[in-house]
Amino acid sequence: MKKTLLGLALGLTFTAQVNAAEYVIDTQGGHASINFKYKHLGYSWLTGSFNKFSGTFSYDPENIAATQVVVDIDPLSLDSHHAERDKHVRSADFLDVKKYATAKFVSTAVVADGEGGATVNGLLTLHGVTRDIIIDAQTIGAGDDPWGGYRAGFTGTTTLDTTAFGFNMPPENKVYLELNIEGVRQ
Amino acid sequence: MFQLGPLKNTPLRYGWVTLIFHWSMAIGITGMFCLGWWMVDLDYYDAWYQRGPNLHRSLGVVMMLVWLARLGWRWASVQPVMSGDRLQTRLASTLHWTFYVLIPLLGLSGYLITTADGRGVAVFDWFTIPASLTGVDNQEDLAGEIHWYLALSIIVGACLHSLAALKHEFIDRDGTLSKMLGRKVPDTKNVNPIEDE
């Protein structure tokens, strides 16, 4: 009983702390994903993901503008559920992962919309090209996890202009990204 | 041009089964190299974008079966004597056995690209070979690199092999190429009696 009370007290102490905290995106536990979708011939959605990435963010629900996000993505980890297509997309025809072995997102400005969402502006480096992108983000939830940690989770979507990133693809055919991010507070 | 002699090899002559194996693989390997080279740069909207790789995969499997049959046939056959001095016959033999080793590795690496995610290889609409080794990290990329360098090595080897055959035929005039066209070795006095080992 004493132990339970002590645990509860500690938990309350930690949850009471609401200043901007550093979070590590839980890629290790698989509670984060970078998914994309693209229209195949305009007839159906082709979906896939980048399976290897890592990142951190700072987050203070009272001060959304102070949020900072940095994510490193391994383009070699592209997975569209078809080995030969993956090989092709990683080749010099598209991602050219031998030449451009890293991809990165760094936020530049985060603006809260006052309804639990935010606009995350940032620079995405992909295929050796750095461009501004805008992610529409939503908070999903935050709180204690059952193992003594504290987590915060978000989702976001953005649209990539494939031509701007130097891909030889029909310009009207955009790539849509869906980001699911759960961070563990450090 | 061709002379179809006996079914089996004799010490002075290739039989027609060997000739068919040799020339079908010569055409097959050259053709597959060209097909592979061409198909990977096809536009996505080209009618051959799917047809080319399907044909390449199917023919690849068929050629592996031909390779297996050829190896068996070779083991069961007499090899006609080779022309040239000791060094030349050694070099020729080494190259021949290099082909025998690299060709199945080429086929295997191709198979590992297609089957990297667990999908099988469809051979025309006859049958499908199931995947076996899958899920190695970036298996399709690694197998793809190996496939390309093996193909390149085999083509370089085939060029050396052809140049050597032409040199023997037209400079040394020892009938090496004629022999592979089914004719008897014209001048057996020049023949070095070392067997192709």
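Chain identifiers are assigned alphabetically (A, B, ...) following the order of the sequence lines, protein sequences preceding nucleic acid strands; residue numbering begins at 1 within each chain. This one's a predicted model, so the numbers in the text were calculated from it and none came from an experiment.
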- Message: To the closest 0.5 Å, what do you measure between CG (B:Leu105) and CD1 (B:Ile146)?
- Response: 9.0 Å

- Item | Under 3.5 Å donor-acceptor, A:Thr158 side chain and A:Ile134 backbone | yes

- Message: Ignoring hydrogens, what is the shortest heavy-atom contact between B:Ala92 and B:Met82? Give both atom names and the distance.
- Response: CB-CE, 3.3 Å

- Item | Over all atoms of both residues, closest heavy-atom pair of A:His127 and A:Gly166 | CE1-O, 3.1 Å

- Query: Is there a donor-acceptor contact under 3.5 Å linking the side chains of A:Asn180 and A:Thr155?
  - Reply: yes

Enumerate, by atom name, each donor-acceptor pair separated by under 3.5 Å where one atom lies in chain A and the other in chain B.
from, atom 1, to, atom 2, distance (Å)
A:His40, NE2, B:Tyr44, OH, 2.7
A:Lys52, NZ, B:Asp137, OD2, 3.3
A:Leu76, O, B:Asn138, ND2, 3.1
A:His81, O, B:Arg119, NH1, 2.9
A:His81, O, B:Arg119, NH2, 3.2
A:Ala83, N, B:Asp117, OD2, 2.5
A:Glu84, OE1, B:Arg57, NH1, 2.6
A:Glu84, OE2, B:Arg57, NH1, 2.9
A:Glu84, OE2, B:Thr114, OG1, 2.6
A:His88, ND1, B:Tyr49, OH, 3.3
A:Arg90, NH1, B:Glu140, OE2, 3.0
A:Arg90, NH1, B:Asp141, OD1, 3.3
A:Arg90, NH1, B:Asp141, OD2, 2.5
A:Arg90, NH2, B:Glu140, OE2, 3.2
A:Lys98, NZ, B:Glu145, OE2, 2.5

- Applying side-chain hydrogen bond (donor to acceptor under 3.5 Å, both in side chains) to A:Ser54 and not counting sequence neighbours gives none

